[in-house]
Amino acid sequence: MEEEQFFKEKPESNLFKQVIYKYLPFWPLFVITVSISLFVSLINLRSQIPIFVAQATVLLKDPNKGSGDSKVLDALNIFSEKKIVENEIMVMRSSDINQQVARELELYAAVYNKGNVRVEELYKENSPVQFKALNEATLNSYALYFFTMDWVKKKVLIDNKSVSFDSIVLLDNNYYKIFVNKAYNTAATGKNFYVQFLPVAAAAGNIIGSISANPLSAVSTIINVQMQTPVAQKGQDILTKLFEIYNRKAIEDKNQIALRTLNFVEDRLRTVMSQLDSVERNIASYKSRESIVDMGTQASSYFNNVTGLDKRNGELDLQLSMLKDINSYIHNKGG
């Protein structure tokens, strides 16, 4: 009776105690399960490669808003092609431009550190060495080579070869020059370095696959370009180099169009001048043959002659008047 009364007075407290008494004997299992879960979560977090997003915006100049010079060029039809946002996005993501980016940034040779949990890509100041191909056109393999740094002897041990710093090595029928990063921390130990070589087209394909470009709005000429990369500095360098080459290509295209147009105009001017000279010679020959005189030219010449004669006549009258005065003076003086 007292037990029933106790449960009726404190039902919630009693239920809590029952749950504790029921699962308390299994506390070692709970501790082990939670520990294993935390350990697996930690390993999973350490194995995940962080992804950074590099972002930039590009403003395409509106062809309808230009200076007077641009309108004159448009009137001459020198730059008749107008920039369309979709077309420029396709140009930015084209293989030609991105292959040039891969060549200039040497992205065909990526250096990694293989750790116990994950693989870390090393780039620029974080990389001990940099591989530069002497001929990018011959790169056609996906070779992978582990290497070791001997900072004391200033050697790179790769493919069973001992290569001196800043020297050339033959790997997979391609010659590479090894540039050593002087600022790298030589005290770092336990590193498992390797280099992954790619064809230039494959490196460009990796860039294209990680780049997304979209206009800010349907009527905007501003393009928002984003790139996902595990190395933040690499993403910034790629976007910077991409815009540099994009502008360079645009300038080269405009220069070629302007040069072709200038050559065309000069050729037409030479043709027109030749035709005009021929017409003038025919006119002169016809006038000479038919004894045709230009009345306007003759009248102008006649009036010029009359003006000259009037001037000369006035000078003679003045001289005669002076002679008469002198003659009169002499006669009067003599008398």
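Worth knowing before you read on, the calculation uses all heavy atoms, side chains too, and leaves out hydrogens, waters and symmetry mates.
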Original post:
Can you list the steps and then say if Arg260 with Asn263 is a side chain to side chain contact (heavy atoms under 4.5 Å, CB included)?
Top reply: CA-CA 5 Å; Arg260 295 194 192 101; Asn263 292 335; 5.6 Å; no

Taking a hydrophobic cluster as the set of Ile, Leu, Val, Met, Phe, Trp and Tyr residues connected by side-chain heavy atoms closer than 4.5 Å, whether directly or through intermediates, do [X] and [Y] fall within one such cluster?
X	Y	result
Val195	Val200	yes
Leu170	Ile168	yes
Val111	Val231	no
Leu198	Tyr123	no
Val91	Ile208	no

Original post:
Is the number of heavy atoms from other residues, nucleotides or ligands within 6.0 Å of CZ (Phe264) greater than 12?
Top reply: no

Original post:
Do other residues, nucleotides or ligands put more than 12 heavy atoms under 6.0 Å from Lys114 NZ?
Top reply: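 Atom NZ in Lys114 is not crowded, with 12 or fewer foreign heavy atoms closer than 6.0 Å.
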
Subject >> Exercise: do Lys155 and Ser164 side chains pair donor with acceptor under 3.5 Å >> reply: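 Judged by distance alone, the side chains do pair up.
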
Original post:
Cut-off 3.5 Å, side chains only: do Asn224 and Gln55 have a donor facing an acceptor?
Top reply: yes

Counting C-beta onward and ignoring hydrogens, is there a side-chain heavy-atom pair between [X] and [Y] closer than 4.5 Å?
X	Y	answer
Val169	Tyr175	no
Asp237	Lys124	yes
Met149	Lys191	no
Val156	Phe165	yes
Met273	Arg270	no
Val225	Phe243	yes
Ile97	Leu242	yes
Asn126	Glu120	no

Subject >> Derivation of the side chain to side chain contact (heavy atoms under 4.5 Å, CB included) call for Leu59 and Ile222 >> reply: CA-CA 4 Å; Leu59 173 62; Ile222 300 178; 3.6 Å; yes

Under a 3.5 Å distance rule, please check whether [X] uses its side chain to pair with a backbone N or O of [Y] as donor and acceptor.
X	Y	answer
Ser167	Val163	no
Asn192	Asn113	no
Asp166	Val180	yes
Lys234	Leu107	no
Ser210	Ile207	yes

If you measure from [atom1] on [X] to [atom2] on [Y], what distance do you get to the nearest 0.5 Å?
X	Y	atom1	atom2	answer
Ser94	Glu88	OG	CD	10.0 Å
Asn98	Ile245	CG	CD1	8.0 Å
Glu266	Thr261	CD	OG1	11.0 Å
Thr229	Ile238	OG1	CD1	6.0 Å
Asp317	Gln319	CG	CD	9.5 Å
Asn173	Ser141	CG	OG	8.0 Å

Taking every non-hydrogen atom, the tightest pair across [X] and [Y]:
X	Y	answer
Tyr108	Glu136	CE2-CG, 3.8 Å
Ile89	Ala213	CD1-O, 3.7 Å
Ala204	Ser95	CB-O, 4.4 Å
Ala110	Glu121	CB-OE2, 4.3 Å
Leu239	Met227	CD2-CB, 4.2 Å
Asp172	Ala143	OD2-CB, 3.8 Å

Kindly assign one of parallel, tilted or perpendicular to the pair [X] and [Y], based on the angle between their ring planes and the thresholds 30° and 60°.
X	Y	value
Trp151	Tyr184	parallel
Phe131	Phe197	perpendicular
Tyr112	Tyr194	parallel

**OP:** Test Phe147 against Val129 for side chain to side chain contact (heavy atoms under 4.5 Å, CB included), laying out the working first.
**Re:** CA-CA 10 Å; Phe147 64 91; Val129 293; 3.7 Å; yes

**OP:** Go through the steps for Leu171 and Ile158 under the test side chain to side chain contact (heavy atoms under 4.5 Å, CB included), then give the verdict.
**Re:** CA-CA 9 Å; Leu171 298 173; Ile158 183 171; 3.7 Å; yes

**OP:** Run the numbers on Glu252 and Arg248 for salt bridge (charged side-chain N to carboxylate O under 4.0 Å, His left out), then give the verdict.
**Re:** CA-CA 6 Å; Glu252 290 176 357; Arg248 189 193 310 164; 5.4 Å; no

**OP:** Run through Asn181, Leu122, Asn185 and flag the one making a side chain to side chain contact (heavy atoms under 4.5 Å, CB included) with Pro128.
**Re:** Leu122

Subject >> Salt bridge present between Glu104 and Lys241 (N-O < 4.0 angstrom) >> reply: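 Yes.
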
